[in-house]
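Down below is the structure, laid out as structure tokens.
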Amino acid sequence: MIDAANARNPWDFYQDLIASDAHPGPLDIRQASTLDLGLAAIDRTLYTSPNVHLLEVVKVWQRVWQFACREEEIAETGDIHVYEISDLSILVVRSADNEIKAFYNSCTHRGTKLCSDNTHLKQIRCPFHGFSWKLDGSLDHVPARWDFPQLTEQSHHLQEIKVGRWGGFVFINPDPDAIPLEEYLEDLPAHMDACGFEDMYIAGYYRKVLTSNWKASIETFLEAFHVTETHPQTVSFADDVHTQYDVFPERRHTSRFLQPVGVPSAALETAPTQQQIVDRMFELTVRPPMPAPPIPEEMSARAFMVAGLRGQMAAQGQDASAMSDAELIDAIQYSLFPNMVLFRSIGFPVVYRFRPDRNDPDSSLFDMLILKSIPAGQPRPYPAEPVEMGDMRYADVPELAEWLRDIYDQDVANLGLQQQGLKAGRTPITFSHYQEIRLRHFHQTLHSYLEQP
Ligand code: FES
Ligand SMILES: [Fe+2]
């Protein structure tokens, strides 16, 4: 068990580990970046108060860039995606071949909602009196035009919202004065462009209603501190204790962690042998099941597993020579304020999005998108539609590797308990200085938005 007094910094451990890898990785991975964000406590009513929720709608959700859909969900001109968050409803429209526009989903006559579901249209038409618009939002038809002398093309154009695109993700921002998406994304594109998200499609899409505030929901995925207690099945081959957490100077929307895999958790009383680590990884991750081969003496479990992954990729015709060992095996995960989580790990192209569930501070929507590369030389497959999970467990999600499925069910169980407990007690919430720094960073950014005039 790690002795706190003698513990090495997690980032030193992680940096030493990847320095000893055969392929140590690009510069940004070979660096750690932490800040002293203080130790302030967090008011627990932030997670439970309906008033805080209403404030967040105005100060956060109407001001931030947020992931609305993937480009392949609106692949054809006339495809429309209805993106909703709280009471905001936004039409994301493929208005021309390479053009995407977004509008408030609200008639400029008397306000009626224009589209209830994702759809494909030649023109957008209000179901009430029949005002209609072209796909670019310009007025197409006004019934009894003679009776609206006050109306102009400009005054009754659909109310447009900013759109940004990166990596096949379509973002919207209701704030007309918003900074450009490119600026908002900070270093995310530079760090993640090798992932090739734009050449992927949605292979699995799962939506779960969580009985927790959206902030608690995302926070549970921003730290590995809970792993020993909550996901003990992983500790023999993944090191939660020596996970590196990065927040960057002058960067308020993005943060990341890098969790080493192929090494055991420093929280274990007795460290497993290198062979035992590989045995356990085989047992959990290799399907159909097969016993692990004996690993060569002097070879680490991590190096052995990385070599195996490289061999697998080569057999599938994929060139992994430019990839570092860390990108192949570790859990490298980024977040984009306020509600998006992306993995840089090659084998785990999964994206999370968290949203409040209507106006209920005790409930949130968790969207999990499982991306896959478009097979070489083939057209982009149709994206999977979201599966509303209801009571379905992650244990029954076929696109997830078997060993990962339990992890989500374990997290969901915690979240329900956390929300109940948040309402039961009165003490402020405590974040650790290092391992929960991404949560503190998230809250400081949230606070800066809530404080905006
Ligand atoms: S409310 Fe939409 S046409 Fe009248
Ligand atoms: Fe977890």
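Numbers here are sequence positions counted from 1. Note that ligands are numbered from 1 as they come in the structure, with each ligand's atoms numbered from 1 the same way. Scope of the values below: all heavy atoms of this structure, side chains included, with no hydrogens, waters or symmetry mates. All figures in this text were calculated on a predicted structure; none of them were measured in a lab.
Using a 4.0 Å cut-off between charged side-chain N and carboxylate O, Arg302 and Asp239 make no salt bridge. Salt bridge status for Asp367 with Arg355: present, with a side-chain N to carboxylate O gap under 4.0 Å. Using a 4.0 Å cut-off between charged side-chain N and carboxylate O, Arg344 and Glu327 make a salt bridge. A salt bridge is defined here as a Lys NZ or Arg NE, NH1 or NH2 lying under 4.0 Å from an Asp or Glu carboxylate O, and Glu388 with Arg207 meets this definition. Electrostatic pairing of Arg440 and Glu223 does not count as a salt bridge here, judged by no charged N lying under 4.0 Å from a carboxylate O.
Screening the protein for N, O or S atoms under 2.8 Å from atom 2 (Fe) of ligand 1 yields 2; no waters enter the count. Here 4 is the count of protein N, O or S atoms positioned under 2.8 Å from the Fe ion (ligand 2), waters not counted.
The cationic atom of Arg70 (NZ for Lys, CZ for Arg) lies less than 6.0 Å from the six-membered ring centre of Phe169 and within 45° of the ring axis.
Ring-plane geometry between Phe304 and Phe282 is classed as tilted, the angle between the planes lying from 30 to 60 degrees on a 0 to 90 degree scale.
Residues His81 and Tyr83 meet the side-chain proximity criterion, which asks for heavy atoms closer than 4.5 Å.
Of the listed residues (Phe442, Tyr184, Tyr334), just one forms a ring-ring contact (aromatic ring centres under 6.0 Å, His included) with His253, and that residue is Tyr184.
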